Amino acid sequence: MKLAAFATGTLVAASLSTPVQATETILFNCFFPPRHHVCSEFLPEMGRRIDAATEGRVALRVPPSSLAAPPNQYEAVRNGVVDGAVQFNGFLGEQVPAIQFALLPFVGQAGAEQSSVAIWETYQAHFGPGFGDAVLLSVFAYNGGDFYSVTDAPIDSVQDIARRKIWAVPGATANTIAATGASVVSGPAVQMLEIVSRGVVDGHVGVPQSEIAQFKLTDYTRSVTLFPEKIFQASFSFFVSKDKWARISEPDRAAILAALGGDFARWMGAFQDRVFHQAHEELKAAGVAFVAGDPAMLDELRTLGRAQVEAWIARMGDEGVDGAQVLADYAAAVDAARPTNGD
């Protein structure tokens with residue numbers, strides 16, 4: 001059975017019914033489409049872990065549809081619309097700048113499981129459980145993103161990028177692509193289909209291959225240019241408001257963090273790796289060409305992206321944190337976090 005089909009089972013809202021004995025219920029928002037595996041697989045697993053860890057005293061409830069737009073998850077939690085949410089970290093640049101380290105150009109790599117574990121461990125080591133006005137429960141990463149052409153010609157140089165109109169992931173990725181001289185369109189990935197299908201752009205950059213299939217972009221994608229280091233690797237944070245967290249007993253809070261944290265990050269990353277590998281095979285079967293990127297092109301792109309890295313390091317320095325050490329520790333944590341499937 002395909003994972004995509006597997007992820008279309010019982011919706012989260014139905015699968016996370018509140019136990020009778022629950023003394024606290026966390027209303028947890030999911031901005032993805034209901035059938036996306038973050039809503040239909042990750043959050044039910046999160047609910048099961050919380051239920052087991054607290055012996056039913058704390059329950060997770062997910063609305064049948066999102067109660068806030070993708071960029072507004074953190075604000076929805078801070079304003080009490082929901083108790084918790086999953087948020088693309090790229091939208092948290094001002095609220096939680098520390099978590100941006102894994103999004104920087106050519107810091108990421110292909111594997112989701114290793115990266116998910118490494119993000120959690122690195123953030124905890126340098127920044128602790130605090131997450132601005134919220135409490136961080138876990139994280140996960142997509143597989144690193146690539147360069148996609150919607151024309152018959154693969155993207156093969158920085159000069160080629162500069163001649164194109166490119167959709168790019170918001171933030172550091174869009175800034176790096178803009179530095180080539182390209183015309184850049186940016187926004188939430190869930191809106192990519194409308195932009196790409198209308199012919200607004202002739203290339204897109206930054207999302208993993210799994211999202212090409214998920215967002216129905218396969219028919220508009222002709223080729224993928226691959227590098228071992230990724231211009232972008234999306235990551236997401238699962239967090240709850242401090243007010244809700246304070247209502248949960250200290251023993252239950254400790255149990256929840258033990259059940260989630262790095263272990264849940266690994267579980268989600270391993271799941272994401274399986275989704276990615278299936279999507280890769282589906283893209284190949286659909287006739288999408290895979291092209292090895294020119295090392296000279298990678299060197300040029302690294303140089304263009306360095307300004308984004310240096311800006312983050314400088315911002316961390318203003319807060320008394322050695323950002324270069326954070327990045328070095330993250331790279332070491334990725335290498336140390338061997339995937340459970342042996343890949």
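Computed from a prediction, not measured in an experiment: that's the story for all the values here.
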Minimum heavy-atom distance between Thr173 and Ile231, given as atom pair plus value: OG1-O, 3.9 Å
Within 6.0 angstrom of Glu94 CD, more than 12 heavy atoms from elsewhere: no
Lys242/Asp133 salt bridge by N-O under 4.0 Å criterion: no
Donor-acceptor side-chain pairing of Arg57 and Ser249 below 3.5 angstrom: no
Pair Thr176-Gln308, side-chain donor/acceptor within less than 3.5 Å: no
Distance-only donor-acceptor check, side chains Ser235 and Asn89, under 3.5 Å: yes
N-O pairing of Arg247 and Asp243 below 4.0 Å: no
Side chains of Phe238 and Val139 in contact at under 4.5 Å (non-hydrogen atoms): no
Side-chain donor-acceptor contact under 3.5 Å, Gln233 with Asn143: no
Check: Gly261 main-chain N/O paired with Ser138 side-chain donor or acceptor under 3.5 Å: yes
Full working for ring-ring contact (aromatic ring centres under 6.0 Å, His included) between Phe106 and Phe232: CA-CA 6 Å; Phe106 305 106; Phe232 178 74; over 10 Å; no
Geometric class of the Tyr142/Phe32 ring pair [parallel <30°, tilted 30-60°, perpendicular >60°]: perpendicular
Contacts of Asp322 that satisfy side-chain hydrogen bond (donor to acceptor under 3.5 Å, both in side chains) - sequence neighbours left out: none
Residue pairs, two or more places apart or on separate chains, that pass ring pair (Phe, Tyr, Trp, His ring centres under 6.0 Å) and touch residues 151-209: Tyr148-His204
Residue pair Ser66 / Asn29, side-chain donor-acceptor N/O under 3.5 Å: yes
Mutual orientation of the aromatic rings belonging to His280 and Phe276 [parallel < 30°, tilted 30-60°, perpendicular > 60°]: parallel
Sub-6.0 Å ring centroid separation between Phe42 and Phe140: yes
Polar side chain donor-acceptor pair, Thr218 to Glu282, under 3.5 angstrom: no
Exam field: side chain Thr225 to backbone Ile155, donor-acceptor pair closer than 3.5 Å: yes
Closest approach of Val86 to Phe28 (non-hydrogen atoms, all atoms of both residues): N-CE2, 3.5 Å
Short N-O contact, Arg49 and Asp263, less than 4.0 angstrom: yes
Over all atoms of both residues, closest heavy-atom pair of Gln73 and Ala68: NE2-O, 3.0 Å
Under the side-chain hydrogen bond (donor to acceptor under 3.5 Å, both in side chains) test, residues paired with Ser223 that sit two or more places apart: none
Distance-only polar pair, side chains of His36 and Glu41, donor-acceptor under 3.5 Å: no
